Amino acid sequence: MQEFGTTIFAEMSALAARTGSINLGQGFPDTDGPPRMLETAVEAIRSGANQYPPGPGLPELRRAVAAQRRGRYGLDYDPDTEVYITVGATEGIAASVLALANPGDEVIVFEPYYDSYAAAIALAGAVRRPVTLRPDGGRFTFDPDELRAAAGPRTRLVLVNTPHNPTGTVFTRAELEAIAALCREHDLIAITDEVYEYLTFDGTEHIPLAALDGMRERTVAVSSAGKTFSVTGWKTGWVTAPAPYVRAVQTVKQFMTYTAGGPWQRAVAYALEHELDWVARLRDSLQAKRDRLVAGLEAAGLAAVRPQGTYFVQADIRPLGFTDGMELALALPEKAGVVAIPAQVFYDDAAAGAHFVRFAFCKKDEVIDEAVERLRGLG
């Protein structure tokens, strides 16, 4: 872990607090989730649900997750053996990598990638093999030839994040078919990070990799309540996978945190069954916020890539004469009173992302408006 220090999110959030800047860096909302869901958590605390829940998770949450996967995607999972509750998706991903990758195994990741992926791969003693997403036709995508070239005799896993943080890309069926074909040809296991599964825009459809032919039996799917219900601090996630993979994940996770918070599990089970209309309204609200931020960034002279999903906009800083995103991100609080994330920290090939910074739009409209007004002075 010597190459890893404090996460960029902690560093930039601390910078925002220290300078009094508007924090469009770390992706957390500044409003709460469904009121009745919050009340359900309070009621669970008051009713005494404050001791260890079952290690695999509360049965009612595992049933709710299984029903969600079946109802939304037509994927059937046994809640007793194929659904497992984790402390957020980050733990679910880390436990999956640690369970399924041996030292020296190779893991294909699409860069830019969420920074915890690299750390989990390092902890497993595995080797990451990045495939770069590049702008093409107004969205980020990969070269299928580069994907095929990344697979070799030591490749064990492919880690797929869609909707994708930080680019906002939602992989198309054709892109997913290319990944699935690689998995079938090389007998790979896929770990999918689907935390933004509901937060897609302009009618874009999220397709789980597990729904493609031959992929359910080789996919470990990870999602969570944090982004779906605007409760990122609850850290309540889940893994859905064939029973042998779930057992492998459980073997690792039980020695990390053993179980996840009981009151939050009960509230999330309620929300998955009763609050998806609220989530649809959230998605519409976020689409409007995305448009608000993109328009403001473009008015400030940045070249924004309009995302198909997630909380984030990638902005090309070169039209304003900047070339180093890290340098600009560190100077931005003083220059404009705004904090963003330099995208190059999400790449092995830092040069490929050096001219991008990431802005979050999961904020109140007045916060976005004030931020873009401040950014107008950059040029």
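Because the structure is predicted, anything quoted here is derived from the model rather than measured.
Salt-bridge check for R376 with E373: passed, with a basic side-chain N closer than 4.0 Å to an acidic carboxylate O. Salt-bridge annotation for R69 and E82: absent, with no side-chain N of the basic residue lying under 4.0 Å from a carboxylate O of the acidic one. Between R36 and E275, no side-chain nitrogen of the basic residue sits less than 4.0 Å from a carboxylate oxygen of the acidic one, so the salt-bridge criterion is not met.
Connection of L98 to Y117 is not established within any shared hydrophobic cluster, with ILVMFWY side chains joined at heavy-atom distances below 4.5 Å, either directly or through further cluster members. Two different hydrophobic clusters hold Y311 and V170 under the rule that ILVMFWY side chains link at heavy-atom gaps under 4.5 Å. Transitive grouping of hydrophobic side chains (ILVMFWY, heavy atoms separated by less than 4.5 Å) keeps V97 and V252 in distinct clusters. M326 and L378 fall into different hydrophobic clusters, defined by Ile, Leu, Val, Met, Phe, Trp and Tyr side-chain heavy atoms under 4.5 Å apart, directly or through other members. If you chain together hydrophobic residues whose side chains sit under 4.5 Å apart, I8 and L330 fall into the same group.
Side chains of N161 and Y196: a donor-acceptor N/O pair is absent below 3.5 angstrom, by distance only.
Summarising the geometry, atom CD belonging to Q314 is positioned 8.0 Å from atom CZ belonging to F346; distances are rounded to the nearest 0.5 Å. Interatomic distance, CZ of F229 versus CG of L38, reported as 11.5 Å (0.5 Å rounding).
T219 places a side-chain N or O within 3.5 Å of a backbone atom of M215 that can act as its donor or acceptor partner. Looking at R218, its side chain does come within 3.5 Å of a backbone N or O of L188 through a donor-acceptor pair. In this structure, the side chain of R156 does not engage the main chain of N102 through any donor-acceptor pair within 3.5 Å. With hydrogens and angles disregarded, a donor-acceptor distance shorter than 3.5 Å links the side chain of Q287 to the backbone of D202. Remark: the backbone N or O of A221 is not paired with any side-chain donor or acceptor of E194 at under 3.5 angstrom. Here the side chain of H164 pairs a donor or acceptor atom with the backbone of P112 at under 3.5 angstrom. Between the side chain of R358 and the backbone N or O of G25, at least one donor-acceptor pair lies under 3.5 Å. Here the side chain of R318 pairs no donor or acceptor atom with the backbone of A303 at under 3.5 angstrom. A distance-only check finds no donor-acceptor pair linking the side chain of Q254 to the backbone of G55 [under 3.5 Å]. A donor-acceptor distance shorter than 3.5 angstrom exists from the side chain of R184 to the backbone of D213, with no hydrogens or angles considered.
Residue pairs meeting the ring pair (Phe, Tyr, Trp, His ring centres under 6.0 Å) criterion with at least one member in residues 47-93, sequence neighbours excluded: Y52-Y258, Y73-H206.
Side-chain contact check for T162 versus T192: every heavy-atom pair is 4.5 Å or farther apart. L328 is listed as a side-chain neighbour of K335, based on a closest heavy-atom distance under 4.5 Å. A heavy-atom distance below 4.5 Å is found between the side chains of P263 and N50. Side chains of V127 and R154 form no contact here, defined as non-hydrogen atoms less than 4.5 Å apart. For the pair I189 and Y245, the minimum side-chain heavy-atom distance is below 4.5 Å.
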Would F4 and D115 count as a side-chain contact (heavy atoms from CB on, under 4.5 Å) if you check the C-alpha gap in whole Å, the side-chain angles of each, and the deciding distance to 0.1 Å?
CA-CA 10 Å; F4 301 95; D115 65 346; over 6 Å; no
Evaluate side-chain contact (heavy atoms from CB on, under 4.5 Å) for E298 paired with V294, printing each intermediate quantity in order.
CA-CA 6 Å; E298 290 176 342; V294 167; 3.7 Å; yes
Using the rule given for side-chain contact (heavy atoms from CB on, under 4.5 Å), can you reason through D105 versus L157, listing the C-alpha separation, both sets of side-chain angles and the distance that settles it, and then say yes or no?
CA-CA 8 Å; D105 285 348; L157 304 174; over 6 Å; no
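Judged by a 6.0 Å distance limit and a 45° cone about the ring axis, K363 is positioned over the six-membered ring of F28. Taking the ring axis of F201 as reference, the NZ or CZ atom of R306 does not stay both within 45° of it and closer than 6.0 Å to the ring centre.
Heavy-atom minimum distance, D348 versus E111: N-OE1, 2.6 Å. The minimum heavy-atom distance linking A190 with L209 is given by the pair CB-CD2, 3.5 Å.
The side chain to side chain contact (heavy atoms under 4.5 Å, CB included) search around R139 returns T141, T169, T172, E175, Q308, not counting sequence neighbours.
In this structure, F356 has its ring center under 6.0 Å from that of F140.
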